[in-house]
Amino acid sequence: MRNETVRKAAVTNETTTTYDVIVIGGGPVGENVADRARAAGLSTVIVERELLGGECSFWACDPSKALLRPVVARADASRIPGLNPAVAGPLDVEAVLAHRDKMSSYWKDEDQVDWLNSVSVDLIRGHGRLTGPKQVAVRSAEGDTIALTARHAVAVSTGTRAALPPIPGLDAVRPWTSREATSAGKVPGRLAVVGGGVVAVEMATAWQALGSQVTMLVLENGLLERMEPFAGELVTDGLRETGVDIRFNTTVTSLAREDGEVRIALSDGGQLAADEILLATGRAPQTRDVGLETVGLTPGDWLTVDDTFRVTGVDGGWLYAVGDVNRRALMTHQGKYQARIAGAVIGARAKGEDIDDAPWGAHVATADHAAVPQVVFTTPEVASVGLTSREAERSGRRVEVVDYDLARVAGAHQYGEGYRGRARMLVDTDRDTVVGVTFAGPGVGELVHSATLAVAGEIPIGRLWHAVPAFPTLGEVWLRLLETHRG
């Protein structure tokens with residue numbers, strides 16, 4: 001039998017098909033849960049209603065970075081003597097969109113299915129719903145229903161969807177969400193972007209460079225409000241330099257589509273017209289129709305879990321929620337980290353093995369609390385891990401804030417003329433370790449893993465002093481931060 005039905009190895013002599021582990025949701029998180037559970041020797045099936053590989057592969061990480069890479073590369077090249085005249089012209093839009101399509105596998109998942117076959121995990125295509133403890137019913141596109149039972153665990157890895165605000169006229173406008181913004185086949189002449197977070201700034205960066213006139217409508221007083229303030233300020237400057245119109249403290253009060261254009265009414269009484277509007281206003285969990293009510297939970301809610309990803313409030317410890325659906329850290333790399341841990345936990349519990357759930361143990365997601373890395377692929381880039389200064393203050397932790405001008409590092413001079421950037425390191429003064437780092441500037445995305453190692457490893461400042469950065473690189477900022485800390 002093919003992988004996409006049911007393997008003969010599964011128990012099929014009853015009214016249901018039985019697996020050790022059932023994973024609802026086949027994005028990168030669900031794939032990793034299944035892979036780790038299968039590696040532990042457990043029979044495993046993924047239930048997926050769309051494309052195997054999920055949001056990241058087809059509508060988020062891969063296509064968005066394919067759109068952004070030419071933009072960032074051109075911005076970097078424009079600062080290098082000898083290269084800047086060669087990149088002064090517009091981007092080849094057709095080539096960029098074709099590359100985006102290729103990086104998204106043309107919205108086909110055959111390669112993902114081949115990989116799943118290679119690790120001996122089954123795939124059932126259809127909409128999966130819990131029907132009771134360890135019970136899942138799958139409704140196929142043809143209308144058939146397959147009943148599944150899990151011996152040990154069901155993992156919900158259904159991710160999130162765009163959260164749309166209740167704006168009058170919204171339905172008639174047919175707005176872009178992140179999906180349309182990363183998969184659109186043509187460049188709108190005018191694009192309005194509502195929001196000031198990561199999706200908003202990245203898509204404003206991409207579409208402005210591809211030829212749109214982008215206007216950002218931001219409810220808050222700045223961009224990237226959850227990061228250090230200087231990060232949003234540098235990104236604001238970068239966007240405005242490319243021609244993006246950014247309007248802070250602005251609310252959309254109503255929408256209409258007339259004569260093919262979007263008419264946008266604003267809280268200050270003003271009006272704005274655009275060809276398309278992107279609502280980048282947050283995410284909501286994909287839990288409205290996964291049968292949560294059958295196990296005592298509320299449909300549409302985020303799923304609260306412990307640090308081993310068991311859902312709290314469900315008897316028996318068989319239900320897990322992994323990835324964005326648990327709201328701990330809404331990033332693909334962090335969801336995959338959770339998945340590796342959850343798969344190992346499920347395997348260990350199935351075998352009756354001891355669980356190593358001490359901080360930084362093999363079966364606990366400590367990094368979700370202490371060391372979550374993130375990169376924003378704008379011009380300039382932003383990279384961060386651990387606490388911000390505001391989070392440290394709210395937590396009551398005593399920290400020293402150490403700032404350094406990245407433009408003063410020798411590697412920045414080599415990177416390009418007119419380099420602008422900033423670095424911030426937070427030092428826990430009681431433990432003498434780094435608990436947070438933020439970089440903003442061209443090329444800083446490649447600095448974040450060194451910061452992640454410092455934070456996750458709780459490396460003493462005295463030992464970091466002996467980690468010598470190569471000259472002349474941007475990484476030399478570590479030496480300058482430590483020198484500034486030492487005074």
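Here the structure is a predicted model, which means the values were calculated and not measured.
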More than 12 non-hydrogen atoms from neighbouring residues, nucleotides or ligands closer than 6.0 Å to [atom1] on [X], yes or no?
X	atom1	answer
Glu393	CD	no
Asp114	CG	yes
Arg390	CZ	yes
Arg69	CZ	no
Glu446	CD	no
Lys336	NZ	no
Glu258	CD	yes

From CA spacing to verdict: side-chain contact (heavy atoms from CB on, under 4.5 Å), Gln213, Gln208:
CA-CA 6 Å; Gln213 174 54 58; Gln208 179 74 23; 4.1 Å; yes

Taking only Lys NZ, Arg NE, NH1 and NH2, and the carboxylate oxygens of Asp or Glu, determine whether Glu391 and Arg226 approach each other closer than 4.0 Å.
no

Indicate yes or no: does Glu458 engage Arg431 in a salt bridge with an N to O separation below 4.0 Å.
yes

Evaluate the side-chain contact (heavy atoms from CB on, under 4.5 Å) criterion for residues Thr44 and Tyr19: first the C-alpha distance (whole Å), next the side-chain angles of each, then the deciding distance (0.1 Å), finally the verdict.
CA-CA 6 Å; Thr44 305; Tyr19 287 89; 5.7 Å; no

Given side-chain hydrogen bond (donor to acceptor under 3.5 Å, both in side chains), test Asp368 with Gln334 step by step and report yes or no.
CA-CA 7 Å; Asp368 282 356; Gln334 209 68 20; 3.1 Å; yes

Could you walk me through whether Glu202 and Val376 satisfy the side-chain contact (heavy atoms from CB on, under 4.5 Å) test, starting with their C-alpha distance in whole Å, then the side-chain angles of each, then the deciding distance to 0.1 Å, before giving a yes or no?
CA-CA 7 Å; Glu202 287 191 345; Val376 185; 4.1 Å; yes

Do Glu48 and Val23 have side chains that approach each other closer than 4.5 Å (heavy atoms only, starting at C-beta)?
no

Knowing that exactly one of Leu223, Thr378, Leu234 qualifies, which makes a side-chain contact (heavy atoms from CB on, under 4.5 Å) with Leu239?
Leu223

Under the criterion salt bridge (Lys or Arg N to Asp or Glu O under 4.0 Å), which of Arg161, Arg139, Arg129 is the partner of Asp289?
Arg129

Gln338 vs Asn32, test: side-chain hydrogen bond (donor to acceptor under 3.5 Å, both in side chains). Steps then yes/no.
CA-CA 9 Å; Gln338 294 179 7; Asn32 274 266; over 6 Å; no

Nearest-0.5 Å distance, CD of residue Gln112 to CG of residue Leu52
5.0 Å

